[in-house]
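Structure first, commentary second.
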Amino acid sequence: MEKVVIVGGGPAGRVLVHSLYASKKEYDITLVKDEEINANRCAVPYGIIDKKPVEKFCIPNSLVLDFGAKLIIDKATEIDTANRVIYTDKDHILHYDHLLLATGSRPFIPDIEGVDLGNILTVRSKSDMETIRGLAKVSKRCVVVGGGYIGVEVAVVLKKIGLDVSIVEMLPHILLATMDDDFAKEIEDSIIKNGINVVTGTKVVRFEGDKVVKRVVLSDGRFIETDFVIVAVGVLPNTDLAVKSGIATSKYGIITDDYLMTNAPDVYAAGDCAEKKSFITGKPIRGEFGTNAVFMGKYVAKNILGKRSKFSGVINANVSTAFEYSFGSAGLIYKAALADGIDAVLGESEVMDMYPMMDGVSTIKTKLVFDRKTGKIIGGSVLRKGHCTASNVDFISFAIQMGATIEDILNYQYCTHPELAAKPSDNTYMFAAKDALKKI
């Protein structure tokens, strides 16, 4: 029986376990992870509220054990790729025919004076969630360093439970990694309106306090008093095991081919630890989303099963919320397409989310980005009130994946209903495509 070893407890590894189990082909599968219980990383900000047990925001080990895999709580320390052997911290010796490295990522901790003081936390693990829960109950103030999705989500949750919250972001606006400036500014204005102090265009230069942090000093000379700090400025791929074992890496992660195999025979990499390529450009790209790990895990399973399937790259569909808004993007937002040297054209629309006579009507703002030469959609973003944006972003992602053109979107057929959608003539994607067509 072929031996499959997975290093890492995230979604890529679990998907591989499930896929091999569903294939009905017999494998000897072992998953090694160094956390007894893994938090659901995306859900950690929402687990700060203590209405539900912490375990509700964690991944049960039954999702591995109930699907025919053995589970070892240990740290893999070295891989002998020539002899196909893995060594662990607790002296396990594991032989493999196929190996998946799904070692994930770790929070980036900037080299700031005083960063080792107490009550300076990241948002990643079950322990992080428990500690932030405890501090939120006894604190009045928090500073969040970083204005990306995680930073904003944590700030909103802490504000909702009554804390005085500040976000410090070095860029001109929050959320600029996934939103064009005007969308980011609108969300930022809403966050400020809801009582969060947003400080942009400046950096943290020092944390001050006696054993625990009490003050955050900024590069413009201002300071913010605080009881604790959340650092949410991004993550780094966990590549130490790969590097030590002679497996090729880059700043983006473990390097793989189109089949997600590394330069070591039958050693695959997927998820945050792996270098990803853009579905649109084919170039290496960041993409630390759980969904990407799922997609990659499925392709690793196909290849282990002998189906020889190329992974086409990531589209990076993403969504989040802040107070009354939900928002997200897929593919390349307009400024990213231009920065990549693409001759892009932007189509925009603002359409009501219900028939105009209905109570509670609001708007959906949509941007679609097309390659001017081919007419194909290469990205888009959505901003609206309510919590329906995921389906909008999924449409954009699927349109990209299917190679849809402006003409395809102008002609696609959709539904309508007074309470659920815009009036029949006013589809948000069609209007954005029509706007783009005017500019070509």
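Numbers for residues simply follow the sequence, beginning at 1.
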- Item | Side chains of Asp128 and Ser125, donor plus acceptor under 3.5 Å | yes
- Query: Are side-chain N/O atoms of Thr389 and Ser326 paired as donor and acceptor at under 3.5 Å?
  - Reply: yes
- Task: Could you label the plane-to-plane angle of the Tyr21 and Phe67 rings as parallel, tilted or perpendicular, counting under 30° as parallel and over 60° as perpendicular?
- Result: perpendicular
- Task: Please name all residues satisfying salt bridge (charged side-chain N to carboxylate O under 4.0 Å, His left out) with Lys302, sequence neighbours left out, ordered by chain then number.
- Result: none
- Please confirm whether Lys367 makes a cation-pi placement over Tyr334, using NZ or CZ under 6.0 Å from the six-membered ring centre and within 45° of the ring normal. no
- Consider only side-chain N and O atoms of Ser250 and Glu275, and report whether a donor and an acceptor are under 3.5 Å apart. yes
- Query: Mind checking whether Tyr429 and Phe395 have parallel, tilted or perpendicular rings, split at 30° and 60°?
  - Reply: parallel
- Do His98 and Glu2 come close enough that some side-chain heavy atom pair is under 4.5 Å? yes
- side-chain hydrogen bond (donor to acceptor under 3.5 Å, both in side chains): which pairs involve residues 44-55, sequence neighbours left out? Asp50-Lys137
- Task: Quick one: list whatever passes side-chain hydrogen bond (donor to acceptor under 3.5 Å, both in side chains) with Asn38, sequence neighbours left out.
- Result: Lys33, Glu35
- Note on the structure: Applying side-chain contact (heavy atoms from CB on, under 4.5 Å) to Arg206 and not counting sequence neighbours gives Glu113, Glu208, Val217
- Query: Which pairs with one or both residues in residues 142-171 pass side-chain hydrogen bond (donor to acceptor under 3.5 Å, both in side chains), sequence neighbours excluded?
  - Reply: Tyr149-Asn318, Glu153-Ser320, Ser166-Asn197
- Query: Does Lys244 reach the main-chain N or O of Thr77 with its side chain, forming a donor-acceptor pair under 3.5 Å?
  - Reply: yes
- Would you verify whether the NZ or CZ of Arg308 falls within 45 degrees of the ring axis of Tyr259 while also being under 6.0 Å from that six-membered ring's centre? yes
- Kindly state each residue pair satisfying salt bridge (charged side-chain N to carboxylate O under 4.0 Å, His left out) with at least one member in residues 3-19, sequence neighbours excluded. Lys3-Asp28
- Message: With rounding to the nearest 0.5 angstrom, report the CZ to CG distance, Phe289 to Asp272.
- Response: 9.5 Å
